[in-house]
**Q** 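Take this structure first; my questions come after.
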2 protein chains.
Amino acid sequence: MTSPEEKRRTIRDVAKAAGVSISTASNALNGIGRTNAETREKVKRVADELGFRPNALARGLLTKRSHAIGMLTNDTYGRLTLPMAAGVSEILVDHGVSLFLCATNNDPRLAKLHLDALLDRQVDGIIFTATRIDLGPPPELLKLGIPVIYAFAQGPADSVSFHPDDAQGARIAVQHLRALGRSRILHITGEQDYLAARIRADAYRELAGPSGQVMFGDWSEEWGHSAIDAVYSQSGPKPDAIFCGSDEIARGVIDALRDRGVSIPDDVAVLGFDNWEVISKQTRPPLTTIDMELKELGHRAGLAILGLSRREKLEPGIVRLPCSLVARGSA
Amino acid sequence: MTSPEEKRRTIRDVAKAAGVSISTASNALNGIGRTNAETREKVKRVADELGFRPNALARGLLTKRSHAIGMLTNDTYGRLTLPMAAGVSEILVDHGVSLFLCATNNDPRLAKLHLDALLDRQVDGIIFTATRIDLGPPPELLKLGIPVIYAFAQGPADSVSFHPDDAQGARIAVQHLRALGRSRILHITGEQDYLAARIRADAYRELAGPSGQVMFGDWSEEWGHSAIDAVYSQSGPKPDAIFCGSDEIARGVIDALRDRGVSIPDDVAVLGFDNWEVISKQTRPPLTTIDMELKELGHRAGLAILGLSRREKLEPGIVRLPCSLVARGSA
DNA sequence: TCTTTTTGATAAAACCTTTTATCTCCTATA
DNA sequence: TATAGGAGATAAAAGGTTTTATCAAAAAGA
């Protein structure tokens with residue numbers, strides 16, 4: 001059904017059809033310069049009839065703005081990346097800017113390859129995202145001379161980064177549990193090596209006081225299980241609420257508690273982190289959890305790179321965007 | 001640390017520095033035309049020293065090939081899309097082709113917007129992907145006059161599509177269970193409305209014979225649960241193996257069986273579909289499941305669109321790529 | 001009526017490559 | 001020696017747009 005290679009219309013065709021010069025056509029279509037309202041309308045109408053669409057390559061070549069930006073990400077199966085990419089794309093498309101997706105798969109060779117390609121394509125800016133906020137970009141990215149925004153990743157000192165507000169997220173989690181009347185709150189989280197884990201743990205400790213206990217492990221469901229086993233195999237008072245560092249951990253915790261006949265949330269309230277729906281909606285009871293608002297983070301990163309590409313100045317530093325609490329049945 | 005707006009080197013700079021004409025420089029760098037080996041080397045060396053990188057916009061404008069392709073997808077949180085996109089990107093980057101990611105979020109307005117942008121950018125082709133194989137593209141895509149490949153989506157009759165081989169996937173699943181000595185195999189799957197579900201169910205029935213029973217429901221963990229409840233609440237012989245239509249369903253099935261004290265895989269073997277690791281690795285026991293090889297599917301789609309963009313002819317029709325069985329503990 | 005502004009339109013340059021058609025040497029052949 | 005052919009290099013055109021400088025005509029001012 002595809003039409004057989006019909007030549008694309010150029011502005012030259014429009015000009016001829018409208019009986020004006022190329023420059024008049026250009027001026028009319030872009031609404032700049034001095035043009036008679038009547039001719040302007042006519043040119044626009046003709047362009048519409050012909051189905052004229054300006055060649056972005058030619059335009060970019062001249063204006064030195066490609067209206068494209070690149071997104072460099074180190075992960076592939078991106079439960080973190082994709083929501084952000086969607087947010088970025090949503091903002092950009094409304095500004096006529098397109099998004100190059102570059103998955104480096106943590107391979108420096110691939111990163112270099114993609115970076116070179118982006119430069120060749122004269123992208124107006126690059127968004128670097130990672131799977132953890134303390135992961136930096138490939139070193140080549142730093143000396144590029146084009147704008148870079150860091151989203152869910154670590155940028156150099158003079159750069160602009162967007163992170164979820166992990167501390168605030170932890171605080172609303174603990175406050176929620178407090179409001180439910182819980183006082184013996186335990187924090188089971190992932191690897192201490194992760195900055196996000198440490199930030200959340202610190203915020204938790206500040207609210208929970210000296211009785212606050214943090215168990216670092218890894219980010220797996222398995223760890224949630226064994227952490228509960230450990231807690232219940234030793235004597236002493238048991239927690240009446242557990243704040244988990246991820247939904248996966250929370251799922252392990254819930255399963256282990258159920259195995260022991262502990263009622264959720266009556267005996268122990270359980271709270272997750274991530275709002276990864278495939279997990280949080282499927283636990284029994286469904287998981288109350290913290291949402292990092294990754295799409296909104298993408299929106300902000302998109303707006304920021306648009307600003308930078310227009311040579312606007314942005315305050316350097318880390319912008320921390322608030323997390324929200326999604327109440328389901330577990331707390 | 002970003003260097004202050006140093007002008008980009010053009011081929012003109014290279015030519016001047018090497019003491020040759022622009023056309024000689026171009027010929028030398030691209031290794032075409034008649035050029036003395038000596039000058040060729042010199043030009044290349046100089047270009048390297050200057051850090052010259054050809055402007056893809058100018059090149060594309062002239063050659064009418066942008067070396068960019070667009071990927072249009074209807075989903076955002078893409079557990080299906082991202083692996084495919086990664087596969088596509090992996091192939092393309094090695095051919096110097098970049099990938100525009102366009103998430104339409106099932107919104108026709110957005111689809112149109114993205115499509116227009118892709119056309120403006122003179123992409124060499126488009127890959128359309130969806131979340132189910134029986135979902136078609138936005139109608140505008142059909143009358144575009146540029147190459148289109150359909151991956152995990154439904155294309156028109158004269159198009160080239162890549163699908164997982166659902167029938168073969170179902171067959172190796174049943175064969176695996178058979179090889180374990182199981183004879184009373186039950187199939188619990190998702191919505192009958194999905195073509196993939198029907199294809200798998202048909203293939204299953206063919207192998208399982210008249211005793212083969214299919215339970216359609218939805219794709220949720222919850223459904224796995226209630227399906228098991230239904231099976232065990234009625235009298236009669238119980239299955240000794242269950243082939244599930246998704247890992248999520250399988251997880252529900254496994255949990256429900258465990259609740260009833262049924263041993264897996266000794267009493268009942270359970271087999272999933274998707275190999276979505278966040279689920280399949282975390283069930284107890286870990287889930288034996290069918291992998292649709294989405295990355296490979298992306299590879300093939302990438303190669304195909306590269307071929308089409310070079311005006312090679314491709315046999316129209318649906319190419320079904322084999323699934324593989326990933327053995328873990330549950331079957 | 002003559003000069004100055006303003007309005008509207010245009011030709012041409014520019015962006016950076018690739019490619020075609022020429023041009024100049026040089027070597028080999030008659 | 002004269003000529004044909006080939007190697008190596010180049011000037012110039014082309015691609016589609018934006019933008020600057022220029023120009024003509026109409027309107028305003030003196």
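The sequence lines fix the lettering, A, B, ..., with proteins before strands; numbering per chain opens at 1. The structure presented is a predicted model; accordingly, all values stated were derived computationally and were not measured.
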**Q** I need the CG-P distance between L57(B) and dT17(D), as an integer number of Å.
**A**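 Roughly 13 Å, once rounded to whole Å.
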
**Q** Run the salt bridge (Lys or Arg N to Asp or Glu O under 4.0 Å) test against E49(A) and tell me which residues pass, sequence neighbours left out.
**A**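 Result, salt bridge (Lys or Arg N to Asp or Glu O under 4.0 Å) vs E49(A): R45(A).
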
**Q** Can you list the residues that meet the salt bridge (Lys or Arg N to Asp or Glu O under 4.0 Å) rule with R310(A), with sequence neighbours excluded?
**A**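 Testing R310(A) for salt bridge (Lys or Arg N to Asp or Glu O under 4.0 Å), a comparison that skips the adjacent residues, returns none.
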
**Q** Can you measure E41(B) atom CD to dG8(D) atom P for me and round it to whole angstrom units?
**A**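 Roughly 14 Å, once rounded to whole Å.
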
**Q** NZ of K16(B) versus C1' of dA9(D): gap in Å, rounded?
**A**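 About 19 Å, once rounded to whole Å.
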
**Q** Using whole Å, what does the distance between atom P of nucleotide dG16(D) and atom CG of L29(A) come to?
**A**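 The distance from CG of L29(A) to P of dG16(D) comes to 16 Å, rounded to the nearest Å.
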
**Q** What pairs with R59(B) under side-chain contact (heavy atoms from CB on, under 4.5 Å), at least two apart in sequence or on another chain?
**A**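 Only N30(B), P54(B), T63(B) meet the side-chain contact (heavy atoms from CB on, under 4.5 Å) criterion with R59(B).
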
**Q** Could you note down all residue pairs passing side chain to side chain donor-acceptor pair (under 3.5 Å) where residues 93-105 of chain A supplies at least one of them, sequence neighbours left out?
**A**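 Output for this query lists T76(A)-N105(A), S98(A)-R121(B).
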
**Q** Could you tell me which residues satisfy salt bridge (Lys or Arg N to Asp or Glu O under 4.0 Å) with D107(A), sequence neighbours excluded, listed by chain and number?
**A**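 Testing D107(A) for salt bridge (Lys or Arg N to Asp or Glu O under 4.0 Å), a comparison that skips the adjacent residues, returns none.
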
**Q** Applying salt bridge (Lys or Arg N to Asp or Glu O under 4.0 Å), name anything that partners R12(A), two or more places apart in sequence or on another chain.
**A**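 Result, salt bridge (Lys or Arg N to Asp or Glu O under 4.0 Å) vs R12(A): none returned.
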
**Q** Going 5' to 3' along nucleotides 15-23 of chain C, which nucleotides have protein heavy atoms under 4.0 Å from the base (write B), which only from the sugar-phosphate (write S), and which from neither (write -)?
**A** BBBBB----

**Q** Kindly calculate the angle separating the two end axes of the helix from dT1(C)-dA30(D) to dA30(C)-dT1(D), each obtained from five base pairs, and round it to 10 degrees.
**A**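 It comes to 60° between the two terminal axes.
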
**Q** Restricting to side-chain contact (heavy atoms from CB on, under 4.5 Å), what partner residues turn up for S89(A), sequence neighbours left out?
**A**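 Once residues adjacent in sequence are excluded, the partners of S89(A) under the side-chain contact (heavy atoms from CB on, under 4.5 Å) criterion are L99(A), H114(B).
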
**Q** Do the non-hydrogen side-chain atoms of L72(A) and P138(A) ever get within less than 4.5 Å of each other?
**A**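 In contact.
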
